[in-house]
Amino acid sequence: MKSRIEKLLKLAVNELAGRDVLSDPGMVDILVEKPSKKEFGDFTTNVAMLIASAEGKPPRDIASMIVNTIRDSHVDIFSSVEIAGPGFINFRVSPAYWVGVLKDILNNKDDYGKSAYGKGKRVQIEFVSANPTGPLHVGHGRGAAVGDTLANILKATGFHVETEYYINDVGNQMNTLGRSVFARYLELLGRKLDFPEDGYQGDYIKDIAEEIRKRYHDDLLHYSTDEAVALCRDFASDVILEGIKEDLDLFGIKFDRWFSEKVLHEDGKIQQAIDTLASRDLVYNSDGALWFRSSRFGDEKDRVVRKRDGTLTYFASDIAYHMDKLARGYDTIIDIWGADHHGYVSRMRAAVKALGGSERSFHALLIQLVSLERAGRPVYMSTRKGEFVTLREILDEVGKDAARYFFLMRKCDSHLVFDLELAKKKTEENPVFYIQYAHARICSILRKASEMGMVPDVDGADLDYVSKGDDLELIKVLAGYPSLLVSCARSMEPHHVSFYLLELAGLFHRFYNKNKVISDNKELSLARLCLVDAVRQVLVSGLSIMGIDAPEVM
RNA sequence: GCGCCUGUAGCUCAGUUGGAUAGAGCAACGGACUUCUAAUCCGUAGGUCGGGCGUUCGAGUCGCCCCAGGCGCGCCA
């Protein structure tokens with residue numbers, strides 16, 4: 001609807017320009033939005049004011065010319081088009097149009113809300129990408145929920161999406177993992193060895209050591225330390241990665257691709273990336289290290305890719321990894337990182353640009369910290385001591401649905417306070433419960449109707465019965481669903497879906513308390529069954545985009 | 001010191017290229033079950049949009065300067 005009005009406005013503005021009333025029609029973006037007050041109508045635009053300030057003419061005059069042009073085009077979807085305030089043009093859409101929307105929803109079923117906005121462009125989205133040195137914690141959970149939901153939104157709006165998890169399975173932290181596990185292994189065999197200073201402290205390290213002891217008994221004592229550490233490292237990495245996959249599975253997340261950093265090394269891709277940069281004179285030697293001229297591409301300073309000791313930096317792998325992504329020909333690359341990596345964004349963007357990616361093809365979304373509370377009291381976490389709260393613990397305590405909803409109820413770059421008690425509550429205080437309850441209520445109504453021999457039937461019902469009052473309010477919110485998804489896709493902000501569903505559920509609960517769906521009025525009942533079925537459909541659709549179940553009975 | 005993010009009702013937060021009298025949920029207070037699920041709903045109250053200056057017809061939104069909190073500024077990952 002919104003885009004339809006935008007097209008009409010564009011035609012009108014172009015026509016005025018053709019009649020020399022206006023000079024340059026292309027200079028303003030036409031934007032239609034929802035007015036701040038219901039009294040102002042269903043849609044509004046400020047184009048007249050924008051043109052007026054560009055042309056130096058009175059806004060209301062421009063507005064009236066636009067309105068007359070639209071009236072002349074004999075479009076019958078409006079019940080009124082008015083000029084208001086300083087020069088807004090307000091549109092009120094006719095009831096017949098809204099009824100058409102309702103039919104559209106019911107006929108399109110699960111496809112309602114989907115659009116071709118993305119035009120099939122290929123988007124690659126990488127998220128979680130936690131090192132296989134320990135289980136996923138709460139922060140990874142937020143990144144996972146945001147990434148997966150964004151992927152779903154982009155799919156629904158016509159993008160071709162691929163999701164990917166990058167495994168940092170090489171480097172110092174992996175050796176530290178190996179040494180930590182080996183130390184615990186020796187401990188199990190009664191040998192005392194100093195635990196590495198920077199070692200991983202969690203109990204899961206001990207569990208892994210125990211598994212190694214069960215399988216290899218004391219064999220490792222006969223290995224060289226390097227061999228033993230390497231075995232522990234690889235064993236632990238495999239076990240932990242399996243655990244991560246299990247956790248993600250419980251969280252409802254499947255990746256299209258798991259990309260190993262180790263493979264990049266083995267295939268010589270990192271050297272290739274450096275060679276590529278070198279061939280463009282974008283690296284140089286200094287102080288015995290090899291530097292990438294990232295400052296030429298907007299970074300604050302140049303960055304080292306090969307250290308003086310000959311080893312490669314983490315950044316070098318990332319350059320190679322992103323070169324690989326670019327080679328795969330995506331139109332857009334989205335990386336989702338923890339907010340503590342924000343210092344990394346400009347150098348990564350520089351690398352992408354240096355490798356031929358466009359300014360707009362690379363996006364880094366930063367996920368702010370999650371702090372946990374239990375009924376208002378903070379739950380403290382310390383990764384260093386291994387006392388972090390894992391994603392698994394959250395899932396075990398509050399369940400997948402609540403966890404996913406809570407992770408998505410804030411803009412991703414604001415801090416999130418996750419209250420575990422609230423997430424478990426079965427009352428209206430808990431938004432995810434409130435939304436699911438609305439869905440279950442509708443299912444209950446549909447069951448009852450079905451027992452009475454009534455089913456929602458678009459063609460059999462006279463939908464004019466629901467084209468006014470509270471019924472119409474529901475249709476209007478349902479009608480906004482497709483453009484909501486487009487707006488989420490454009491801004492890459494999935495959190496709006498959670499707000500939308502809360503609004504829709506609230507509107508339904510109010511409707512329910514005020515109006516009977518099944519009543520003595522058979523015609524009205526049949527029409528309202530269609531209406532609530534449409535609400536149910538959109539609730540299911542929105543929840544499924546967020547990866548949340550829609551129970552039929554609660 | 002430099003950079004990024006955040007600052008909106010008691011709490012947690014929305015607010016889409018600058019637009020009409022700044023919104024929601026929770027908490028608080030007062031009400032509604034002979035009912036398709038009261039696990040819900042209705043009503044009341046709640047604000048110097050961190051502060052200041054500026055840009056303009058118009059600023060929560062843009063610019064500059066302060067204040068507060070978080071994070072980042074390695075040949076660490």
Side-chain angles (χ1 to χ4, degrees), chain A residues 28-31 33-37 39-40 44-46 49-50 52-53 58-59 84-88 90 131 133 168 170-174 176 198 286-291 300-301 303-315 317 338-346 366 368-369 371 373 376 409-411 413-417 419 422 425-431 433-434 436-438 440-449 451-452 483-484 486-488 490-491 493 495-496 498-499 502-503 506 508-519 525 528-529 532 553-554:
Chain A
V28 288
D29 282 343
I30 292 170
L31 190 78
E33 50 192 0
K34 275 191 180 167
S36 51
K37 297 276 175 202
E39 302 87 80
F40 297 140
T44 188
T45 183
N46 64 346
M49 286 182 283
L50 293 179
S53 62
F88 292 99
N90 293 337
N131 298 343
T133 54
N168 293 120
V170 66
N172 280 335
Q173 86 278 4
M174 294 308 293
T176 304
D198 55 348
S286 177
D287 297 330
L290 189 68
W291 299 70
E300 295 164 22
K301 49 180 268 194
R303 310 287 176 175
V304 169
V305 289
R306 188 190 294 121
K307 294 177 261 183
R308 199 187 307 192
D309 66 5
T311 59
L312 296 160
T313 60
Y314 193 84
F315 184 42
S317 307
D340 54 342
H341 286 68
H342 70 73
Y344 215 74
V345 176
S346 55
L366 301 174
Q368 266 296 353
L369 290 176
S371 48
E373 279 188 2
M409 60 199 262
R410 303 278 171 262
K411 201 166 38 172
D413 53 11
S414 27
H415 290 253
L416 170 66
V417 177
D419 193 313
L422 178 59
K425 274 195 186 167
K426 299 200 178 326
T427 68
E428 27 115 18
E429 293 167 63
N430 181 351
F433 181 83
Y434 183 81
Q436 289 180 319
Y437 183 56
R441 263 188 160 169
I442 294 172
C443 291
S444 172
I445 295 170
L446 293 173
R447 276 193 301 273
K448 166 123 185 183
E451 283 164 17
M452 298 168 68
S483 60
L484 164 88
V486 167
S487 141
C488 287
R490 188 176 48 213
S491 60
E493 290 176 347
H495 71 281
H496 298 295
S498 65
F499 282 89
L502 197 60
E503 184 195 352
F508 169 75
H509 283 308
R510 269 167 257 145
F511 177 88
Y512 175 92
N513 273 275
K514 213 166 137 194
N515 306 283
K516 297 285 286 181
V517 174
I518 302 167
S519 66
S525 302
R528 281 190 168 157
L529 279 177
V532 298
V553 182
M554 290 175 76

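Per chain, numbering begins at 1; letters A, B, ... match sequence-line order. Keep in mind that the numbers below use all heavy atoms, side chains included, and drop hydrogens, waters and symmetry copies.
Candidate nucleotides B:rU40, B:rG15, B:rA77 were compared by shortest atom distance to the side chain of A:His341, and B:rA77 ranks first. Each of B:rG19, B:rC73, B:rA14 was ranked by its minimum atom distance to the side chain of A:Arg410; first place goes to B:rA14.
Partners of A:Ala449 according to the side chain to side chain contact (heavy atoms under 4.5 Å, CB included) rule, which considers only residues two or more places apart in sequence or in another chain, are A:Met454, A:Ile518, A:Leu529.
Atom NE2 of A:His496 is separated from atom C1' of B:rA14 by 8 Å (rounded to the nearest Å). Between the NZ atom of A:Lys411 and the P atom of B:rU16 there is a distance of 9 Å, rounded to whole Å. What separates CD of A:Gln368 from C1' of B:rU6 is a distance of 8 Å, to the nearest Å.
The base of B:rG19 sits with one of its N or O atoms less than 3.5 Å from a complementary donor or acceptor on the side chain of A:Asn46. Applying the 3.5 Å distance criterion, the base of B:rA77 shares no donor-acceptor pair with the side chain of A:Thr313.
A 6.0 Å sphere centred on NZ of A:Lys514 holds no more than 12 heavy atoms belonging to other residues, nucleotides or ligands.
A:Val345 has its side chain within reach of A:Leu366: a pair of non-hydrogen atoms, C-beta onward, lies under 4.5 Å apart. No side-chain heavy atom of A:Ile445 sits less than 4.5 Å from a side-chain heavy atom of A:Arg528. The shortest side-chain heavy-atom distance between A:Val517 and A:Tyr512 does not fall under the 4.5 Å cut-off.
Of the side-chain N and O atoms in A:Tyr512, one or more sit less than 4.0 angstrom from OP1 or OP2 of B:rA38. For A:His509 and B:rU37, the shortest distance from a side-chain N or O to OP1 or OP2 is not below 4.0 Å. A:Arg441 has a side-chain polar atom (N or O) that falls below the 4.0 Å cut-off from OP1 or OP2 of B:rA38.
Atom name P, nucleotides B:rC33 and B:rA59: the rounded distance is 48 Å, in whole Å. When the C1' atom is used for both B:rC62 and B:rU17, the distance is 12 Å, rounded to whole Å. Rounded to a whole angstrom, the distance from the C1' atom of B:rC67 to that of B:rU48 is 16 Å.
Using a 4.0 Å heavy-atom cutoff across all strands shown, A:Lys426 reaches at least one base atom of the nucleic acid. Residue contacts shown for A:Ala438 are absent, as no nucleic acid heavy atom lies under 4.0 Å away. Among the atoms of the strands shown, only primed sugar atoms or phosphate atoms (P, OP1, OP2) are found under 4.0 Å from some heavy atom of A:Asn131. Looking at heavy-atom distances under 4.0 Å, A:Arg510 makes contact with sugar-phosphate atoms alone, never a base. Contacts of A:Thr44 with the nucleic acid, taken as non-hydrogen atoms under 4.0 Å apart, include base atoms. Residue-level contact check: A:Ala449 touches neither bases nor backbone, having no heavy atom under 4.0 Å from any strand.
Mapping A:Ser487 and A:Leu366 onto RNA chain B by nearest heavy atom places A:Leu366 closer to the 5' end of the strand. Judged by closest nucleotide on RNA chain B, A:Phe88 is the one of A:Val517 and A:Phe88 placed further toward the 5' end.
For A:Phe499 and B:rA24, the ring-to-base geometry does not satisfy the stacking test (centroid distance below 5.5 Å, interplanar angle below 30°). In this structure, A:Phe433 counts as stacked on the base of B:rA39 under the 5.5 Å centre distance and 30° plane angle limits. In this structure, A:Phe40 counts as stacked on the base of B:rA20 under the 5.5 Å centre distance and 30° plane angle limits.
Both key distances under 3.5 Å define a Watson-Crick or G-U pair, and stretches of 3 or more such consecutive pairs in RNA chain B run B:1-7 with B:67-73, B:10-13 with B:23-26, B:28-32 with B:40-44, B:50-54 with B:62-66.
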